[in-house]
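The basis for the numbers below is simple: all heavy atoms, side chains too, and nothing from hydrogens, waters or symmetry mates. Positions are given from 1 along the sequence.
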Amino acid sequence: MRKKILMKSAACVCAGVLAVSSLSAVNVLQTSAYENMAATDITAADVIGTYDTVSDNGYAYQGYHGCDVDSTYKYLKITYKGDADALAGMRWEFRNASDEALGFFWFSQNAEGTLLTTEGEVVPAATEEEQTVIIDLVASGVDLSDGISAFHSHANGNTGKIVISDAAFMQSLGEVETTGSLDVETTGTAVTAEDIILNGDENGQSSLIGKYKGPTLKGEPTDAYKYMGFATLKDATSAHKYLIMTFSGNITQLRFQFANVVDGSETAITEPYWFNAEGQTLFFATPDDSVIPLEGEKKAVVIDLAKTGIDLGNYNSVHMHCDLMATYGNYEIINARLSASPKVFESDYVAPVVENPTEPATNAPTTVAPTTAAPTTAAPTTAAPTTVAPTTVAPTTKPATKVAKAKIASAKKSGKKIKLTIKTVANAKKYEVKYGTSKKFKKGTKTLKTTKVKVTLKKIAKKVYYIKVRAIAADGTAGAWSKVKKVKK
């Protein structure tokens, strides 16, 4: 396989003592790519060479290395050997396409920035024998949004020499064998036994993975919202700090609520968390604070649940809600898993194999109440015995959806308006608001139906108003009215 060699002349002069052997034509021609080099990998010839930390004043500028790789190249593989302490004071200063500095990243632990391997560890010290590691640039905190045009190498300490005999920038880990603890199989799978694939319970029900039909514009206000389904988080614990999800389509208006369901009843539920942070109070955070992609084909998203403020030790399920999609289209969650590591693998871009495939619960009509879906920790109460004929199990009519009692989060009067916020009810299709000057909601009471949890009540004339709300499911079942909220100027 023919290699792509990166060459860039350096016209850069930096302060310090240059103490690296110049790369000659012989060096470049002797560079050999690793056996499993992918077609998209780029051999980084400028990185290959001998790095000497010895200098008269304890500091050595080790050179300029041209790269010119775009933002899709998230990994840098290096093969090296040398003196045991040579990496202790060595650091690289990356530059983007505009030649802007992206910061210093050290081979040893440092507050300025630390180069981490795909195992999340510091690059191992050099030895007399060659070893190969893959540096995860994203996990190291390097801003790849504009790619990398070059980097400068610096060293302190007179700690010895490092010889890098091979180097390549890579887009993925799918075809790479490493000498570290990461086990990359031929399928590109590196998911550990502790990871949880969110493909439903033992019956294939309540899966996060699946195809979703978003709400469409049909002229009715209620069409602007849709309950997208309920998914089990299986036996998630506090150690599962990351949600890795790959999707195609548009998730701009998608949001999740995490809940704890015990025997069909919710004992705890969070407020909605959005993938789209714009204009939202609660939204998902990423490990490197990057913006979550909201539209595209096979987009991988890494949610840092700990940074977001969600401890999965408290929840065993998730509810999904969606407003009218920006493109009026559908979306698909191709793969999703919970992990203690934020790493993304090739296997995350393909649907997992389901041993007993059944139609996932998330594809069921929106009239199915999420609270009736039992988590995997409890035996499903709706499962029919195998001895019962199917015709006797199927009900002729669907049972009414259970709707929780609504609550008013806040109501504030300002001039002739009241800004009302309703706490989200998990399976509500819409909300009914009654408000007026009568405490018993008689004469002069007004009624408003809305799909939103934040509404503004207008033409408020009197000083004191009374408000109550209730949630209504898609099948028309209404929940209990909330406590009456008294609002005065």
Side-chain angles (χ1 to χ4, degrees), residues 1-12 23 28 31 33-34 36-49 63-79 91-105 113-118 123 132-153 164 166-176 178 184 188 190 244-248 286-302 334 342-350:
M1 183 180 295
R2 186 176 180 182
K3 307 188 304 293
K4 182 176 180 181
I5 304 295
L6 285 179
M7 296 292 291
K8 183 170 182 178
S9 59
C12 176
L23 295 176
V28 175
T31 301
Y34 54 96
N36 293 331
M37 185 174 185
T40 55
D41 292 352
I42 298 178
T43 301
D46 256 13
V47 181
I48 299 166
Y64 171 97
H65 314 289
C67 304
D68 287 333
V69 292
D70 61 36
S71 60
T72 63
Y73 286 87
K74 301 177 181 179
Y75 308 98
L76 174 58
K77 181 196 78 76
I78 58 173
T79 299
R91 60 203 181 274
W92 287 348
E93 181 187 14
F94 291 96
R95 317 285 293 191
N96 65 14
S98 301
D99 199 35
E100 297 171 332
L102 302 178
F104 288 96
F105 295 85
T114 306
L115 292 172
L116 300 176
T117 68
T118 51
V123 176
T132 299
V133 299
I134 299 177
I135 296 171
D136 188 329
L137 298 172
V138 173
S140 301
V142 182
D143 180 4
L144 298 180
S145 56
D146 292 327
I148 298 175
S149 65
F151 62 89
H152 300 271
S153 182
I164 297 179
D166 196 11
F169 284 93
M170 304 183 301
Q171 291 179 318
S172 68
L173 303 173
E175 298 181 79
V176 179
T178 74
V184 181
I244 294 94
M245 186 182 90
T246 304
F247 75 94
S248 289
T286 59
D288 57 354
D289 295 321
S290 59
V291 177
I292 294 174
L294 300 174
E295 187 174 6
E297 293 297 316
K298 290 191 174 182
K299 295 291 185 180
V301 175
V302 180
I334 299 168
K343 291 179 287 186
V344 178
F345 304 110
E346 290 294 298
S347 58
D348 289 310
Y349 290 88
V350 296

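- The backbone N or O of Asp348 sits less than 3.5 Å from a side-chain atom of Thr246, completing a donor-acceptor pair.
- Lys343 places a side-chain N or O within 3.5 Å of a backbone atom of Thr118 that can act as its donor or acceptor partner.
- Electrostatic pairing of Glu93 and Arg91 does not count as a salt bridge here, judged by no charged N lying under 4.0 Å from a carboxylate O.
- Side-chain atoms of Thr79 never come within 3.5 Å of backbone atoms of Thr132 as a donor-acceptor pair (strictly under, hydrogens ignored).
- Rounding to the nearest 0.5 angstrom, the gap separating the CG atom in Leu76 from the CD1 atom in Ile148 is 8.0 Å.
- Note that OG of Ser347 is 10.0 Å distant from CD1 of Ile244, once rounded to the nearest 0.5 Å.
- Remark: Asp136 engages no residue in a side chain to side chain donor-acceptor pair (under 3.5 Å) (not counting sequence neighbours).
- Distance alone, capped at 3.5 Å, places no donor-acceptor pair between the Thr117 side chain and the Val123 backbone.
- Shortest non-hydrogen contact noted between Ile334 and Val350 is CG2-C, 3.9 Å.
- Evaluation of the ring pair (Phe, Tyr, Trp, His ring centres under 6.0 Å) rule for Phe247 yields no partner, not counting sequence neighbours.
- Rounding to the nearest 0.5 angstrom, the gap separating the CD1 atom in Ile292 from the NZ atom in Lys299 is 13.5 Å.
- To the nearest 0.5 Å, the span separating OG on Ser248 from CD on Glu297 amounts to 4.0 Å.
- A pairwise comparison of heavy atoms in Ile78 and Ala167 identifies CG2-CB, 4.2 Å as the closest pair.
- The two atoms that bring Tyr64 and His152 nearest to each other are CD1-CE1, 3.4 Å, heavy atoms only.
- Across all their heavy atoms, Leu144 and Lys74 have their closest contact at CD1-CA, 3.8 Å.
- In this structure, Ser149 and Ala97 approach most closely via the heavy-atom pair CB-CA, 4.1 Å.
- Annotation: side chain of Lys77 is in contact with side chain of Asp166 (closest heavy-atom distance under 4.5 Å).
- Between the CD atom of Glu100 and the CG atom of Asp143 there is a distance of 9.5 Å, given to the nearest 0.5 Å.
- The two atoms that bring Tyr73 and Leu137 nearest to each other are O-CD1, 3.9 Å, heavy atoms only.
- With hydrogens and angles left out, the side-chain atoms of Ser71 and Ser145 include no donor and acceptor closer than 3.5 Å.
- Between the side chain of Asp46 and the backbone N or O of Gly66 there is at least one donor-acceptor pair closer than 3.5 Å.
- The ring pair (Phe, Tyr, Trp, His ring centres under 6.0 Å) test with Phe105 is passed by exactly one of Phe151, Phe94, Trp92: Phe94.
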